[in-house]
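Have a look at the structure below before the remarks.
A, B, ... follow the sequence lines: proteins, then strands. Residue 1 opens every chain.
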Amino acid sequence: MERKIYRVVRGMRDLLPKDLVAWRRLEAHAADLARRFGYQEIRPPLLEETELFRRSVGEVTDIVEKEMFTVERGEHSFTLRPEGTAGVVRAYVEAGFAKTAPLQKLWYLGPMFRYERPQKGRERQFTQFGVECIGSLDPRLDAECIALAVRFFEGLGLGAAGGLEVRINSMGDGDDRDRFREAVRAFVAPKLAQYSEDSQRRFERNVLRILDSKDPRDIELNRGAPQLIDFLSDENREHFDKVKGCLGAIDVKVVVDPTVVRGLDYYTRTIFEVHYPALGARSALCGGGRYDHLVEQLGGPSVPAVGFAIGFSGTLLALQELGLLADDEPTGPDVHVVLADGVTELEGLLLADQLRQAGLSAAFDAEGRRMKAQMKNAVRSGARLAVILGPEELERGEVQIKDLLSAEQSAVPRAQLPERARFLLAQVPPTQVAP
RNA sequence: GUGGGUGUAGCUCAGUCGGUUAGAGCACGAGAUUGUGGUUCUCGGGGUCGGGGGUUCGAUUCCCCUCACUCACCCCA
């Protein structure tokens, strides 16, 4: 009989209980921080009409051209979200917020999907925490948004290491961008043949990308290239200056980096990235910026917006690198029930149930092992207390209750077990005894 | 999608210049200790040597393909 081995789909992975200790920490941190910044959670579905992403992300981006997980159902085409903004904006428009409460500060957290070649820190299913502040062009909100991203990392301990770098730039808006793009084209065109193959391709696809090429030849050729900042309209320059001013005022350190060019089509004005350079090629932990035309582009009214997305994979990698991930085991039950020979196995279930009814978490040993093995399991499970029942206790209507940290043990009437257990659990654990 | 590296037990890895029963440490289970945990000792279970094909008397070892992981590129969180 042939046995097929099923494996996790390429580019995806199982998060096992031990992995989730760290994940929960990030999730809780994100939710708490967003709340402190006045953001509310939103959960759009994972699946949207394919057209939505084509329109928002941009037809000629890699995401749309080759990285979408798409399912066709008759006339319809749906795609698993490759990023979060499009769905949130769609929901914003659909909910009619523009008329009832135009300024919406929303956050989301969940899986995204891109059909890419997997690599460390880049999976086909990945998790992003993102915020979208829709409905205002106020530069204080740009700054607030960037601050939120930075505080997210600082709160995890990444800022303290001094390894964080926040790069910002302004992409201008409409006309600025067109004039700048033409200027770059004019700058590159005469020596296009000297550029790398990749950049020659970019010339047609997305000229601006040539400016952040990593090829040494390109970097050399790019010297003296036009800077977007010089092409900004007065209004946009003023906006950018105000954003920088606000960031300074709340002590968020950033560097203005003219080479920052975000990949997606919808960005305007302020754009930024948070890098953790020690991670090498995959150093960008967060990317975001303004998208002042997207809402209108997706059929809504003309309202500006700003947001960002943070990737969890890279964040976890950075934390790991710095040894900031405690390798905590998942927390076990409060109490582990151990049965000695001579009592029926049902007692394990009864005692556990008694504790559970009282609101404590409890487990019993399921394999009918020797007591020594049961005690070992109790410790391994992470339980703080062991409750032991043997024939003698049974006869007296008692159980033994043992604090596995202090090794202190005492008898207690069965009726008082939950109360006693609760008391012991509330005790400060004795300082770890040196071995 | 392009190029390089790797793939032996749950984990970390040895090994076979092609030769018959593939090893270690850790982990896991049992016993020493017939009612009590992180030490020690003894014993034990567990591997189609990633998968498929080829060369060969014989392949885990050599060749090809494939899958997965990994590093870099494209791109990006």
Side-chain angles (χ1 to χ4, degrees), chain A residues 2-5 7-13 16 57-58 60-67 81-85 109 111-130 149 196-199 201-202 205-206 209 212-215 261-264 273-276 279-288 308-318 336 338-343 365 367 369-394 399-409 432-433 435:
Chain A
E2 219 170 285
R3 280 255 299 276
K4 171 144 169 64
I5 307 295
R7 310 185 49 165
V8 68
V9 170
R10 182 173 201 198
M12 313 208 167
R13 60 202 192 98
L16 304 175
V57 171
V60 297
T61 56
D62 273 33
I63 292 181
V64 166
E65 285 187 344
K66 53 182 191 189
E67 295 174 359
R81 61 182 187 191
E83 55 100 47
T85 303
L109 172 51
M112 309 290 162
F113 302 83
R114 290 186 200 174
Y115 196 84
E116 291 183 279
R117 179 103 170 221
Q119 150 183 354
K120 201 184 191 77
R122 183 209 281 186
E123 283 110 37
R124 286 180 173 178
Q125 176 179 330
F126 56 101
T127 298
Q128 283 188 340
F129 160 54
S196 66
E197 271 181 47
D198 285 333
S199 283
R201 215 165 348 98
R202 292 183 184 116
R205 265 173 78 87
N206 188 353
R209 277 275 160 211
D212 65 354
S213 171
K214 285 168 208 140
D215 190 296
V261 179
R262 305 249 68 228
L264 311 185
E273 295 175 350
V274 180
H275 284 260
Y276 186 73
L279 244 46
R282 281 284 313 109
S283 70
L285 301 180
C286 167
F308 69 72
I310 289 172
F312 270 26
S313 314
T315 303
L316 284 165
L317 241 40
H336 191 89
V338 170
L339 302 180
D341 283 342
V343 296
D365 210 275
E367 296 295 325
R369 291 179 225 267
R370 292 171 52 241
M371 211 175 142
K372 179 164 178 155
Q374 294 184 52
M375 288 299 291
K376 223 165 141 183
N377 275 343
V379 171
R380 187 157 50 193
S381 77
R384 169 83 187 274
L385 303 175
V387 164
I388 302 156
L389 179 67
E392 294 169 26
E393 288 81 9
L394 197 59
V399 293
Q400 297 287 333
I401 185 163
K402 180 169 188 177
D403 187 323
L404 291 169
L405 287 177
S406 65
E408 283 167 23
Q409 179 174 328
Q432 294 296 332
V433 184

What nucleotide among [options] has an atom nearest to a side-chain atom of [X]?
{"X": "A:Ala373", "options": "B:C71, B:A30, B:C76", "value": "B:A30"}
{"X": "A:Arg10", "options": "B:U36, B:C75, B:C69", "value": "B:C69"}
{"X": "A:Arg201", "options": "B:G35, B:G37, B:C74", "value": "B:C74"}
{"X": "A:Arg114", "options": "B:U36, B:G37, B:A77", "value": "B:A77"}
{"X": "A:Asp198", "options": "B:G37, B:U34, B:C73", "value": "B:C73"}

Looking at every strand, decide which applies to [X] at a 4.0 Å heavy-atom threshold: base, sugar-phosphate, or nothing.
{"X": "A:Gly11", "result": "sugar-phosphate"}
{"X": "A:Arg202", "result": "sugar-phosphate"}
{"X": "A:Glu83", "result": "nothing"}
{"X": "A:Glu393", "result": "base"}
{"X": "A:Glu273", "result": "nothing"}
{"X": "A:Ala386", "result": "nothing"}
{"X": "A:Ile310", "result": "nothing"}
{"X": "A:Glu116", "result": "base"}

I would like to know whether A:Val338 and A:Lys402 meet side chain to side chain contact (heavy atoms under 4.5 Å, CB included); could you show each step before the answer? CA-CA 10 Å; A:Val338 170; A:Lys402 180 169 188 177; over 6 Å; no
Please report, rounded to the nearest Å, how far the [atom2] atom of [N] is from the [atom1] atom of [X].
{"X": "A:Lys402", "N": "B:G35", "atom1": "NZ", "atom2": "C1'", "value": "11 Å"}
{"X": "A:Arg209", "N": "B:C76", "atom1": "CZ", "atom2": "P", "value": "4 Å"}
{"X": "A:Leu394", "N": "B:G35", "atom1": "CG", "atom2": "C1'", "value": "13 Å"}
{"X": "A:Asn377", "N": "B:U36", "atom1": "CG", "atom2": "C1'", "value": "13 Å"}
{"X": "A:Glu367", "N": "B:C28", "atom1": "CD", "atom2": "P", "value": "15 Å"}
{"X": "A:Met375", "N": "B:G38", "atom1": "CE", "atom2": "P", "value": "9 Å"}
{"X": "A:Glu197", "N": "B:G1", "atom1": "CD", "atom2": "C1'", "value": "14 Å"}
{"X": "A:His336", "N": "B:U36", "atom1": "NE2", "atom2": "C1'", "value": "12 Å"}

For the [atom1] atoms, the ones on [N] and on [M], what distance do you get once it is rounded to whole angstrom?
{"N": "B:G5", "M": "B:G47", "atom1": "P", "answer": "32 Å"}
{"N": "B:U61", "M": "B:G7", "atom1": "P", "answer": "12 Å"}
{"N": "B:C65", "M": "B:A9", "atom1": "C1'", "answer": "27 Å"}
{"N": "B:G3", "M": "B:U21", "atom1": "P", "answer": "41 Å"}
{"N": "B:U70", "M": "B:G50", "atom1": "C1'", "answer": "15 Å"}
{"N": "B:U48", "M": "B:U42", "atom1": "C1'", "answer": "31 Å"}
{"N": "B:C28", "M": "B:G4", "atom1": "C1'", "answer": "38 Å"}
{"N": "B:C11", "M": "B:U34", "atom1": "P", "answer": "35 Å"}

Pairwise distance [atom1]([X]) to [atom2]([Y]) - rounded to 0.5 angstrom:
{"X": "A:Arg369", "Y": "A:Asn377", "atom1": "CZ", "atom2": "CG", "result": "5.0 Å"}
{"X": "A:Phe113", "Y": "A:Arg81", "atom1": "CZ", "atom2": "CZ", "result": "7.5 Å"}
{"X": "A:Phe126", "Y": "A:Glu83", "atom1": "CZ", "atom2": "CD", "result": "9.0 Å"}

Nucleotide opposite [N] in a Watson-Crick or G-U pair, distances under 3.5 Å:
{"N": "B:C76", "answer": "none"}
{"N": "B:C43", "answer": "B:G29"}
{"N": "B:C69", "answer": "B:G5"}
{"N": "B:G35", "answer": "none"}
{"N": "B:U20", "answer": "none"}

I want to check one thing: is the phosphate of [N], taken as OP1 and OP2, less than 4.0 Å away from some side-chain N or O of [X]?
{"X": "A:Arg122", "N": "B:U70", "result": "no"}
{"X": "A:Arg370", "N": "B:G37", "result": "no"}
{"X": "A:Arg7", "N": "B:G51", "result": "no"}
{"X": "A:Gln119", "N": "B:A72", "result": "yes"}

Give a yes or no answer on whether the side chain of A:Arg122 reaches the backbone of A:Gly11 with a donor-acceptor pair at less than 3.5 Å.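 Side chain of A:Arg122 to backbone of A:Gly11: no pair is present.
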Between A:Ser313 and A:Pro118, just flag the one whose closest nucleotide in RNA chain B comes earlier from the 5' side.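 Upstream on the strand: A:Pro118.
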Is there side-chain contact between A:Leu405 and A:Arg384, with at least one heavy-atom pair below 4.5 Å?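 Yes, side chains in contact.
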Between A:Leu109 and A:Thr127, is any pair of side-chain heavy atoms under 4.5 Å apart?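 Side-chain contact under 4.5 Å: yes.
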Using a 6.0 Å distance limit plus a 45 degree cone around the ring axis, check whether A:Arg124 lies over the aromatic ring of A:Tyr115.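 The answer is yes, since A:Arg124 meets both limits relative to A:Tyr115.
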Determine whether the aromatic ring of A:Phe126 stacks with the base of B:A77, defined as ring centroids separated by less than 5.5 Å and ring planes inclined by less than 30°.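 Aromatic stack with B:A77 present for A:Phe126.
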Before giving the answer on side chain to side chain contact (heavy atoms under 4.5 Å, CB included), spell out for A:Leu339 and A:Gln374 the whole-Å C-alpha distance, their side-chain angles and the decisive distance to 0.1 Å. CA-CA 8 Å; A:Leu339 302 180; A:Gln374 294 184 52; 4.3 Å; yes
Does A:Gln400 make a side-chain donor-acceptor contact with the base of B:U36, cut-off 3.5 Å?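 Counting by modelled atom types and ignoring angles, no donor-acceptor contact under 3.5 Å is found here.
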Taking N and O atoms by type only, does the side chain of A:Lys372 place a donor or acceptor under 3.5 Å from a partner on the base of B:G35?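 Checked by distance alone, the answer is no.
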